[in-house]
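Below: the structure, in structure tokens.
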Amino acid sequence: MNYLDELNDAQRAAVENISGPMMVIAGAGSGKTRVLTYRVAHLINNGVDPFGILALTFTNKAAREMKSRIGTIVGDGEARNIWMGTFHSIFARILRIEADHLNYPRNFTIYDTQDSKSLIKDIVKEMGLDPKIYKPGVVFGRISSAKNNLISPEAYQQNVDIVSEDHQTGKPKMAEIYLQYALRCFKAGAMDFDDLLFKTNVLLRSFPDILYKYQHKFKYILVDEYQDTNFSQYLIVKQLAAAHQNLCVVGDDAQSIYAFRGANIQNILNFQSDYPDFKQFKLEQNYRSTQTIVNAANSIIAKNKDQIQKEVWTSNDAGAKINVHQSFTDNEEGKYVAGEIFELVHRESKKYSEFAILYRTNAQSRPFEESLRKNNLPYRIYGGLSFYQRKEIKDLLAYFRLAANHNDEEAFKRVVNYPARGIGKTTIEKLTIAARNAEVSLWDVLKNPHTYKSGIANATQGKLNDFATMIESYAAELNSIPAYDLGHLIATSSGILKELYDDKSPEGVARYENIQELLNGMKNFSDQEDNTNPGRVFTLSDFLIDVALLTDADNDDDDDNKVSLMTIHAAKGLEFPVVFVVGLEENLFPSQLSLHSRSELEEERRLFYVALTRAEQIATLSYATSRYRWGTLTHAEPSRFIDEIDEKYINIENATRPKTPSLDFSSERQRFQSNTAPLFAQKASVKPVAKSTAPIEASDQGDIEAGQEVMHERFGKGKVLSVEGDPANKKATVFFPKVGQKQLLLRFAKLQIL
DNA sequence: TGGAATGATGTTTTT
DNA sequence: CATCATTCCA
């Protein structure tokens with residue numbers, strides 16, 4: 001049981017508390033994952049059946065990693081049987097098992113956001129409403145938040161407050177759209193992301209025997225990132241935990257950053273009233289970051305009103321001050337960050353994977369990509385347009401989906417005429433009209449043109465029949481041959497592969513490669529071994545169950561040595577030695593959409609807190625005074641969040657002369673900027689701070705040879721062991737008592753001979 | 001019916 | 001500035 005020795009008192013207490021309701025408030029970097037992992041292992045070591053443990057995480061990746069770490073303690077065989085995954089994937093699994101209770105097919109389709117919006121667009125059009133008023137994104141958001149608050153279409157329609165609100169915003173038909181949307185999803189045998197939680201609630205509420213079954217199946221329930229659960233998730237957990245009350249929730253109110261999608265911070269604050277006899281554990285010691293970073297982060301979060309009192313502290317070194325860097329444009333910001341990374345890599349032999357660039361919005365990644373590429377710095381972008389959202393991938397997946405579920409209309413519309421097979425707009429229109437009149441699916445009309453009087457010409461009906469025959473031939477193999485074999489067959493015989501192969505444009509080539517990549521992934525999927533069931537064939541049906549809920553973060557090539565670029569949301573739960581938080585400008589971070597209310601601004605502030613606390617050793621904050629936004633150059637003010645950090649933790653890097661009306665954005669300009677005008681001239685609260693340490697005068701690199709004592713800016717005193725390489729690229733191996741042996745390029749390392 | 005050209009339109013964050 | 005969507009032409 002030596003794993004208990006690896007825990008501090010608070011962590012250990014949480015791990016050893018086996019039964020009853022409990023809440024762990026875990027400050028940033030306080031070893032939350034370790035506690036969760038060890039707690040599950042501890043349960044199993046104390047005789048709890050892994051099949052009876054339900055552990056809900058925020059990402060599939062987190063679940064996978066946790067499972068394998070538990071496996072190293074209790075054995076993989078045991079760990080595999082834990083029900084561990086995201087809310088969405090776990091309850092999708094349960095919904096498939098129980099689908100017939102809800103009159104859904106077992107192999108129901110999961111609509112992603114694109115599918116949902118496309119369906120809403122159709123509905124708005126069919127209802128003859130103005131798509132400018134009923135924008136798909138807005139309508140979808142409204143429906144989504146209704147579902148997350150467990151408001152059914154019927155309840156929505158009857159809710160006076162909601163309906164009058166819709167009238168006030170000029171969208172009186174919202175309730176009807178919601179109703180139609182739910183109906184069409186049902187007819188298509190599809191659930192959207194929110195349905196996976198909503199329908200789970202329906203299932204548990206409407207069928208007491210099913211509720212009973214899962215209550216007694218899951219004797220121990222753990223929920224990670226509890227601060228980011230919404231009402232729908234909260235109620236699922238509450239119902240499931242009601243019988244045994246062995247519920248452990250872990251979270252940090254200071255890191256709640258998903259209120260925009262319905263996450264309710266009240267869930268964490270209300271835990272006490274739901275479970276009056278609960279035990280609370282606070283993890284307050286931070287093992288991740290330097291004192292400077294921890295203290296700076298604390299000084300920021302202190303500005304928020306809504307929070308649970310806690311004191312995050314660390315016994316780590318003080319560490320370097322947080323640099324605050326100003327650029328003139330977004331492009332220069334990119335150059336600056338790439339330059340810093342280049343220098344740290346060469347001067348301190350850091351690995352690329354030790355760096356992260358974090359931004360507020362995905363659109364900000366471009367200048368960083370360019371600069372990194374120019375400097376030959378390998379990088380990986382997380383998020384953005386996910387692999388699975390690319391057109392070519394969605395197209396191929398749509399064939400899979402349609403084979404599994406002929407009523408999946410979003411898939412149908414996507415591929416019925418792609419690649420082009422002479423089924424045009426008018427034909428689709430005829431199909432649609434007939435389908436809506438008879439309240440059946442497009443597929444039904446296609447198969448029975450006479451019954452539904454589609455009025456489609458014979459020649460065209462022939463083409464439709466060919467299409468149907470093709471899809472049905474795929475369907476016949478769905479549960480028999482390996483996923484890869486059928487996937488490859490579909491990609492080829494549908495004509496998609498040829499279509500993309502013939503496109504020799506760079507984008508076309510990239511698309512072709514993406515399809516290949518998907519097929520490679522399917523090959524891996526098909527080839528996996530099921531230890532409990534040797535010889536099992538992993539079919540396309542199996543593949544489809546997983547694929548809808550996969551995200552980019554689940555791609556496993558993160559062992560490479562690359563700089564990470566991602567939004568702060570995507571960085572949650574991760575940590576890096578060196579972090580750049582970029583684009584710290586008013587109206588960008590905090591986002592201008594958040595400025596209307598205190599609670600939204602507080603969420604932005606928590607987001608900033610999350611960003612800063614990702615850093616272990618070095619954190620740099622960066623902003624530009626102007627940047628391209630929707631095509632035009634716009635002026636930007638430094639973010640208020642910079643002002644909010646206690647100034648003793650930051651180091652304002654480059655003072656600049658006052659802004660001039662005539663803007664010259666050439667990079668040359670940086671050379672002029674050494675002048676004296678204080679940064680934030682118009683913001684009285686922050687004053688420029690002198691550099692904490694005098695820069696070390698670099699000695700002429702030619703003089704450095706083995707045996708000498710040298711001084712390094714960051715590593716301190718050291719001894720040169722050897723020097724090698726051609727004169728322009730001399731590399732020295734230096735031993736520093738503080739940090740050990742390092743290889744340094746003399747071109748970059750500012751070494752001073754002592 | 002299909003493809004190319006032109007216009008409008010929009011940027012928060014994600015399972 | 002990009003993507004998308006609609007329109008226009010062959």
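Only this structure's heavy atoms are used, side chains among them; waters, hydrogens and symmetry mates stay out. No experiment lies behind these values; they were computed from the predicted model shown. Each chain gets a letter, A, B and so on, in the order the sequences are listed, and its residues count up from 1.
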Distance check, C1' atoms only: B:dT13 and C:dC4, in whole angstrom units. 22 Å
If the P atom of C:dT6 is compared with that of B:dT11, how far apart are they to the nearest Å? 16 Å
Check: A:I357 and A:F355 side chains under 4.5 Å, non-hydrogen atoms: no
By nearest-nucleotide position on DNA chain C, the 5'-leaning member of A:K125 and A:R366 is A:R366
How many whole angstroms separate atom [atom1] of [X] from atom [atom2] of [N]?
X: A:K391; N: C:dA2; atom1: NZ; atom2: P; answer: 21 Å
X: A:L601; N: B:dT13; atom1: CG; atom2: P; answer: 18 Å
X: A:N417; N: B:dG2; atom1: CG; atom2: P; answer: 5 Å
X: A:Y628; N: C:dT3; atom1: OH; atom2: C1'; answer: 19 Å
X: A:K132; N: B:dA8; atom1: NZ; atom2: C1'; answer: 9 Å
X: A:L574; N: B:dT14; atom1: CG; atom2: P; answer: 13 Å
X: A:I568; N: B:dT13; atom1: CD1; atom2: P; answer: 11 Å
X: A:N362; N: C:dA2; atom1: CG; atom2: C1'; answer: 15 Å

[X], nearest nucleotide to its side chain (from [options]):
X: A:A420; options: B:dG2, B:dT11, B:dT13; result: B:dG2
X: A:A363; options: B:dT15, B:dG10, B:dT11; result: B:dT11
X: A:T361; options: B:dT11, B:dT13, B:dT15; result: B:dT13
X: A:K121; options: C:dT6, B:dT14, B:dT11; result: C:dT6

Between the side chain of A:E602 and the main-chain N/O of A:K305, is any donor-acceptor distance below 3.5 Å? yes
Classify the nucleic acid contact of A:F589 as base, sugar-phosphate or nothing, counting any heavy atom under 4.0 Å across all strands shown. nothing
Mapping A:K425 and A:L607 onto DNA chain B by nearest heavy atom, which one lands closer to the 5' end? A:K425
Quick one: on DNA chain B, does A:T113 or A:K135 contact a more 5' nucleotide (nearest heavy atom)? A:K135
ring centroid sep under 5.5 Å plus plane angle under 30, A:F87 with B:dT15: no
Salt bridge (Lys or Arg N to Asp or Glu O under 4.0 Å) test vs A:D395 passes for just one of A:R511, A:R401, A:R414, A:R390, namely A:R414
Does A:T567 place a side-chain N or O at less than 4.0 Å from the phosphate oxygens OP1/OP2 of B:dT14? yes
Quick one: are the ring centres of A:F186 and A:Y104 less than 6.0 Å apart? yes
For the CZ atom on A:R96, are there more than 12 heavy atoms of other groups (residues, nucleotides or ligands in this structure) within a distance under 6.0 Å? yes
